[in-house]
Amino acid sequence: MAVRRSKKKCLVIGGCGFLGRHLVEELLERDYTVNVFDMRSTFEDEMVTFFIGDLCKTEDLLPAMENVDIVFHCASPAPSSDNYQLFYRVNYEGTKSVISACKEAGVQRLVLTSSASVVFEGVDIQNGSEDLPYASHPIDYYTETKILQEKEVLKSNCEDLHTIAVRPHGIFGPRDPQLVPTVVDMARKGKSKYIIGDGRNLVDFTYVKNVVHGHILAGESLDEGSVTCGKAYHITNDDPIYFWDFLSKILIGLGYAAPRYKIPYTLLFYIALVVQFFCTLLKPLVVIKLTFSPMRVALAGTHHYYSCERAKNDFAYKPLVNMDKAIDLTVQSYAELRKKD
Ligand SMILES: NC(=O)c1ccc[n+]([C@@H]2O[C@H](COP(=O)([O-])OP(=O)(O)OC[C@H]3O[C@@H](n4cnc5c(N)ncnc54)[C@H](O)[C@@H]3O)[C@@H](O)[C@H]2O)c1
Ligand SMILES: CC(C)=CCC[C@@H](C)[C@H]1CC[C@H]2C3=C(CC[C@]12C)[C@@]1(C)CC[C@H](O)[C@@](C)(C(=O)O)[C@@H]1CC3
């Protein structure tokens, strides 16, 4: 009989990214052995073995999967991109190569970082469960390919490879490259004066450490015959917050003014659609980066919060860091974005 190691060996694909690196740090903290696979290198750690490559290539992945017990797949192109080819290649085809590499390397557990937005179509979702159908009209290419990716991973669950999808939503925390930096950027350009809608829409924002905790529990749950195999799980702070309260707390915490003037949601959403349409037309000529994409407007003006009951029941998930503490830690970590006067 094989000797049972007390702690498993993990591979984090996308381990140089925001979520991935936090996951790596927590895995080390909990005494796991950690490999990282990424196409770029953002930090060094002598406890980690790094593999640089493209996840679309099975032959790049295989060396990183040797003797690995759990693969965490949390790599994706930046969601703000509008490059369909890139999303399709990395999120969909790349995930298929991750699955076949797992099978070839004899990896038994695969945890995918999906997104709760796979069920979001721009209309209110309140306390949504995992039983909601996938969005039939995904709101952007990112979401469209996250759906393809999640389906592929759940479908590939079998006796030899146990798979699970974790669906976080609105991840924030230290080193997040998009949420806080975008909000501050808007504030600096004077674009954060406005509230889209009535300001009373509840959403999930989830502290990165809680998302990480959910991933590790999900990976550990994938024993033979576990109910969690082949399923998707929402991981949230279990504490929905008004979108505009959250943004205001971040802005005020960093020394900026909170948004004040309300503009009608539907009006802005249609403007964003029209503007996006013209940008697409002009794309061969000029590249315009939209501040208010239809996706962002929808996220800013609707309810979108989810229930994490299933994760609580099936693998005893509970958030480790509450909202106030999480906002506090985040604001403190962004000293360089604080308003200078
Ligand atoms: N940030 C959020 O709010 C959020 C919410 C829900 C789900 N997610 C999901 O979580 C995951 C991680 O997101 P993040 O915010 O940490 O993003 P990130 O951009 O910080 O990290 C992604 C990493 O993937 C790597 N990568 C991209 N393409 C690759 C390729 N072809 N080969 C190898 N590596 C590649 C990048 O180099 C990067 O380090 C993604 O799957 C994303 O869809 C993020
Ligand atoms: C309109 C205003 C005021 C915007 C400023 C705040 C803006 C930048 C900010 C507020 C909400 C936030 C957000 C994302 C990007 C930044 C953005 C939009 C994305 C899309 C990243 C990808 C994830 O997969 C996904 C879908 C998730 O978590 O499911 C999230 C959903 C929540």
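This is a predicted model, so every value here is computed, not measured. Indexing begins at 1, ligand by ligand and atom by atom, following the structure's order.
Remark: Arg200 is positioned above the aromatic ring of Tyr242, its terminal NZ or CZ atom under 6.0 angstrom from the ring centre and at most 45 degrees off the axis. A cation-pi geometry, defined here as NZ or CZ lying under 6.0 Å from the six-membered ring centre and within 45° of its normal, does not hold between Arg260 and Tyr194. A cation-pi geometry, defined here as NZ or CZ lying under 6.0 Å from the six-membered ring centre and within 45° of its normal, holds between Arg310 and Tyr233. Seen from the ring of Tyr32, Lys7 counts as a face-on cation partner, given the 6.0 Å and 45° thresholds.
Distances from atom 24 (O) of ligand 1 to the heavy atoms of Ser80, Ala75, Cys56 put Ala75 nearest. Comparing heavy-atom distances from atom 36 (C) of ligand 1 across Leu61, Asp38, Val36, Thr42 singles out Asp38 as nearest. Across Ser97, Cys74, Gly15, Ser114, heavy-atom proximity to atom 12 (C) of ligand 1 is greatest for Cys74. Nearest-heavy-atom check against atom 1 (N) of ligand 1 across Lys57, Lys146, Glu93, Gln178 picks out Gln178. Closest heavy-atom approach to atom 30 (C) of ligand 1 within the set Arg175, Arg167, Met39: this belongs to Met39. The residue among Pro168, Ser293, Ser115 with a heavy atom at the shortest distance from atom 29 (O) of ligand 2 is Ser115.
Those atoms of ligand 1 with a heavy atom of Leu19 less than 4.0 angstrom away are 10 (O), 16 (O). Each of the atoms 36 (C), 37 (O), 38 (C), 39 (O) of ligand 1 lies under 4.0 Å from some heavy atom of Arg40. In the vicinity of Phe243, heavy-atom distances shorter than 4.0 Å reach the ligand 2 atoms 10 (C), 11 (C). Distances below 4.0 Å separate heavy atoms of Gly53 from the following atoms of ligand 1: 32 (N), 33 (C). Per-residue contacts place Cys16 under 4.0 angstrom from the following atoms of ligand 1 (heavy atoms of the residue considered): 39 (O). Ligand 1 places these atoms under 4.0 Å from at least one heavy atom of Asp54: 30 (C), 31 (N), 32 (N).
Ring geometry for Tyr88 versus Tyr92: interplanar angle of 30 to 60°, hence tilted. Between Phe205 and Phe246, the ring-plane angle classifies as parallel under the 30° and 60° cut-offs. Ring orientation note: the planes of Phe87 and Tyr142 are nearly perpendicular, at an angle over 60° on the 30°/60° scale.
In terms of N/O distances under 3.5 Å, ligand 1 is not approached by Gly14. Ligand 1 has no N or O atom lying under 3.5 Å from any N or O atom of Pro168, backbone or side chain. Checked by distance only, ligand 1 and Pro177 stay at 3.5 Å or farther apart across all their nitrogen or oxygen atoms. Considering backbone and side-chain atoms together, Phe18 places an N or O closer than 3.5 Å to an N or O of ligand 1.
Proximity of Leu247 to ligand 2 is established by a heavy-atom distance of less than 4.0 Å. Distances shorter than 4.0 angstrom occur between a heavy atom of Tyr142 and an atom of ligand 1.
For the pair Glu93 and Lys96, the salt-bridge criterion is not met [side-chain N within less than 4.0 Å of a carboxylate O]. Ion pairing of Glu150 with Lys146 is absent here, as no side-chain N (NZ or NE/NH1/NH2) approaches a carboxylate O to less than 4.0 Å. The pair Arg296-Asp140 fails the salt-bridge criterion, with no side-chain N (NZ, NE, NH1 or NH2) lying under 4.0 Å from an Asp/Glu carboxylate O.
Val183 CG2, 3.6 Å is the protein heavy atom nearest to atom 6 (C) of ligand 2. Here the heavy atom of the protein found nearest to atom 19 (C) of ligand 2 is Gln178 NE2, 4.3 Å. Among all protein heavy atoms, the one lying closest to atom 18 (C) of ligand 2 is Arg296 CG, 3.7 Å. Ranking protein heavy atoms by distance to atom 4 (C) of ligand 2, first place goes to Met186 SD, 4.0 Å. Ranking the protein heavy atoms by distance from atom 20 (C) of ligand 2 puts Leu299 CD1, 3.7 Å first. Among protein heavy atoms, the minimum distance from atom 24 (O) of ligand 2 is reached at Tyr142 OH, 2.5 Å. With hydrogens left out, the protein atom closest to atom 28 (O) of ligand 2 is Gly170 N, 2.5 Å, a heavy atom.
Under 4.0 Å from ligand 2, not a single heavy atom of Lys146 appears. Of all the heavy atoms of Thr143, none lies under 4.0 Å from any atom of ligand 2, so neither backbone nor side chain is involved. Contacts with ligand 2 closer than 4.0 Å are made by side-chain heavy atoms of Trp244 only, the backbone lying farther away. Using a 4.0 Å cut-off between heavy atoms, Ser117 contacts ligand 2 through both its backbone and its side chain. In Phe120, neither the side chain nor the backbone holds a heavy atom less than 4.0 Å from any atom of ligand 2.
Within 6.0 Å of CD in Glu66 there are 12 or fewer heavy atoms belonging to other residues, nucleotides or ligands.
Atom 17 (O) of ligand 1 lies below 4.0 Å from none of the non-hydrogen atoms of the protein. Contact annotation for atom 1 (C) of ligand 2: protein present (non-hydrogen atoms, distance under 4.0 Å). Remark: atom 31 (C) of ligand 2 lies closer than 4.0 Å to at least one protein heavy atom.
A search for salt bridge (Lys or Arg N to Asp or Glu O under 4.0 Å) contacts involving Lys189 returns Asp185, not counting sequence neighbours.
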